[in-house]
Amino acid sequence: MKRLREIVPHFSFEGEYVGAEVCTDGHINDTFFVYYRVHDKPVRYVLQCINQHVFRDPEGVMANIEAVTRHLRKKVIEQGGDPSRRAMRVIPTVTGYSFFRSVGGEYWRAYDFIEGARTYEQVEDPIHFYHSGRTFGQFQYLLSDFPADTLHETIERFHDTRKRLGDLLNVIETDPKGRAAGVREEIDFILARSHETGVIVDLLAAEEIPLRVTHNDTKLNNVMIDDETGEGICVLDLDTVMPGSALYDFGDAIRFGASTAREDEPNLDLVSLDLELFTAFTQGYLSMAKGFLNRVELDHLAFSVKLMTLETGMRFLTDYIDGDRYFRVERPDHNLDRARTQLKLVADMEAKMMRMEAIIRDVLNDGLKEGA
Ligand code: GN1
Ligand code: MG
């Protein structure tokens with residue numbers, strides 16, 4: 001916390017400083033809540049130190065975030081919404097920059113905290129997940145006229161699942177901690193599905209599905225849900241906003257939010273895909289997105305759920321074998337537990353694939369009836 005006292009004065013926070021605490025959500029950046037008082041009213045800000053092992057170009061990240069939040073704010077205002085709740089605001093430094101670079105080369109940035117709303121690690125009420133779907137669908141919709149090619153690709157080939165498979169194969173080869181032999185079963189499970197890893201990137205390359213501005217990290221805990229109405233207010237964690245496929249966002253949201261267990265649940269018997277939650281998200285998402293997705297995108301929604309889950313399982317397993325260098329871990333084998341939940345989900349998703357397809361068809365057909 002000591003270093004915070006040196007960082008805080010560089011931001012144009014309003015009021016008197018009260019204190020700060022660590023926020024433990026998220027696997028990548030260091031996050032803090034900073035408390036102020038403005039005319040006796042408590043105010044909270046979010047202060048983050050960007051992880052430069054993951055984000056090699058923090059200035060590119062902030063340029064993306066600045067441009068995207070500006071665009072979202074403009075859209076929200078045009079539509080008569082409340083921009084202070086519906087779009088994140090980057091708090092400038094006292095010298096007017098979107099980030100502060102410390103003497104040691106750390107990059108810090110700050111946001112307003114939206115009060116009267118919270119994020120969830122797991123769905124507590126399916127309606128929240130419906131609203132999560134609507135909020136991510138709306139995010140894509142509001143950015144559909146944003147020039148995607150002006151964004152920095154801040155993590156190269158982030159959701160290129162075939163490349164992620166290559167990363168796994170490389171680390172199995174070098175095996176720096178001697179962990180590969182202990183996870184043969186998991187490796188074999190992934191290898192048996194290697195032919196599917198290129199499906200979405202190949203559709204993008206063939207221009208059968210368009211490149212869109214996507215969020216790329218659509219976990220339930222990246223949506224603020226209003227405490228009173230249960231509605232999704234806005235999307236958080238814009239670090240990975242980049243050109244990508246809408247399928248990445250749909251699939252990743254389901255893999256995290258529609259699981260019956262936490263992402264790191266060690267007891268795999270508790271882990272499965274909840275089809276009721278799948279339905280809730282699909283209804284919310286398609287209520288915003290069915291108007292702009294093309295036929296090939298719609299046809300691959302269910303597949304994307306499985307592919308994004310397989311990809312995340314591969315990433316956790318890669319990091320486990322690599323000695324836990326990427327994702328923050330809180331216990332030994334944490335990344336292995338995470339990898340196993342993902343692979344368990346993949347197997348369950350395969351068993352439920354036809355039912356997912358049928359639900360998507362029903363949701364689309366109901367939508368058509370409504371509009372008729
Ligand atoms: C990371 O930091 P967090 O928890 O929002 C990761 C995502 C993974 C996710 C798995 C930049 O997101 O890609 O899906 O963990 N973010 C980055 O929980 O790698
Ligand atoms: Mg996050």
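Whatever order the structure lists them in is the order used to number ligands and atoms, beginning at 1. Just the heavy atoms: all of them, side chains too, but no hydrogens, waters or symmetry mates, feed the values below.
For Asn29 (side chain) and Gln48 (main-chain N/O), no donor-acceptor pair under 3.5 Å exists by modelled atom type. Here the side chain of Glu66 pairs no donor or acceptor atom with the backbone of Ala63 at under 3.5 angstrom.
Under the 4.0 Å criterion applied to side-chain N and carboxylate O atoms, Asp348 and Lys344 are not assigned as salt-bridge partners. Ion pairing between Arg315 and Asp322 fails under the 4.0 Å rule for side-chain N and carboxylate O.
If you look at Arg255 next to ligand 1, the close heavy atoms, those under 4.0 Å, all belong to the side chain. In Asn221, neither the side chain nor the backbone holds a heavy atom less than 4.0 Å from any atom of ligand 1. With a 4.0 Å cut-off on non-hydrogen atoms, Tyr248 does not touch ligand 1 at all. Contacts with ligand 1 closer than 4.0 Å are made by side-chain heavy atoms of Asp217 only, the backbone lying farther away.
Near Phe55, meaning under 4.0 Å from any of its heavy atoms, are these atoms of ligand 1: 11 (C). Which parts of ligand 1 touch Tyr326 is read off a 4.0 Å heavy-atom cut-off, strictly below it: atoms 11 (C), 17 (C), 19 (O). Atoms of ligand 1 found under 4.0 Å from any heavy atom of Asp237 (numbered from 1 in listed order, with element): 5 (O). Shown in contact with Thr240 at under 4.0 Å from a heavy atom are these atoms of ligand 1, numbered in order with element: 11 (C).
Taking 4.0 Å as the cut-off, Arg315 counts as a neighbour of ligand 1 on heavy-atom distance. Heavy atoms of Phe256 come nearer than 4.0 angstrom to ligand 1 in no pair at all. Residue contacts with ligand 1: Asp239 is excluded, as none of its non-hydrogen atoms falls under 4.0 Å. At a 4.0 Å cut-off, not a single heavy atom of His159 sits close enough to ligand 1 to count as contact.
Taking the six-membered ring where the residue is Trp, His159 and Tyr248 present tilted rings, their angle falling between 30° and 60°.
For ligand 1, one of its N or O atoms has an N or O atom of Lys219 under 3.5 Å away.
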| task | Go through the steps to decide whether Phe32 and Val46 satisfy the test side-chain contact (heavy atoms from CB on, under 4.5 Å), and finish with yes or no. | result | CA-CA 6 Å; Phe32 304 88; Val46 179; over 6 Å; no

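Centroid-to-centroid, the aromatic rings of Tyr45 and Phe113 stay 6.0 Å apart or farther.
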Donor-acceptor pairs under 3.5 angstrom involving side-chain atoms of residues 186-205: please list them, not counting sequence neighbours.
from: Glu186; atom 1: OE2; to: Arg340; atom 2: NE; distance (Å): 2.8
from: Glu186; atom 1: OE2; to: Arg340; atom 2: NH2; distance (Å): 3.4
from: Asp188; atom 1: OD1; to: Arg184; atom 2: NH2; distance (Å): 3.3
from: Arg193; atom 1: NE; to: Glu350; atom 2: OE2; distance (Å): 2.7
from: Arg193; atom 1: NH1; to: Phe189; atom 2: O; distance (Å): 2.8
from: Arg193; atom 1: NH2; to: Glu350; atom 2: OE1; distance (Å): 3.0
from: Ser194; atom 1: OG; to: Leu191; atom 2: O; distance (Å): 2.9
from: Glu196; atom 1: OE1; to: Lys306; atom 2: NZ; distance (Å): 2.7
from: Glu196; atom 1: OE2; to: Lys306; atom 2: NZ; distance (Å): 3.1
from: Thr197; atom 1: OG1; to: Ser194; atom 2: O; distance (Å): 2.7
from: Asp202; atom 1: OD1; to: Arg162; atom 2: NH1; distance (Å): 3.3
from: Asp202; atom 1: OD1; to: Arg162; atom 2: NH2; distance (Å): 3.2
from: Asp202; atom 1: OD2; to: Arg162; atom 2: NH2; distance (Å): 2.7

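A cation-pi contact links Arg44 to Phe33, judged by a cut-off of 6.0 Å to the six-membered ring centre and 45° from its axis.
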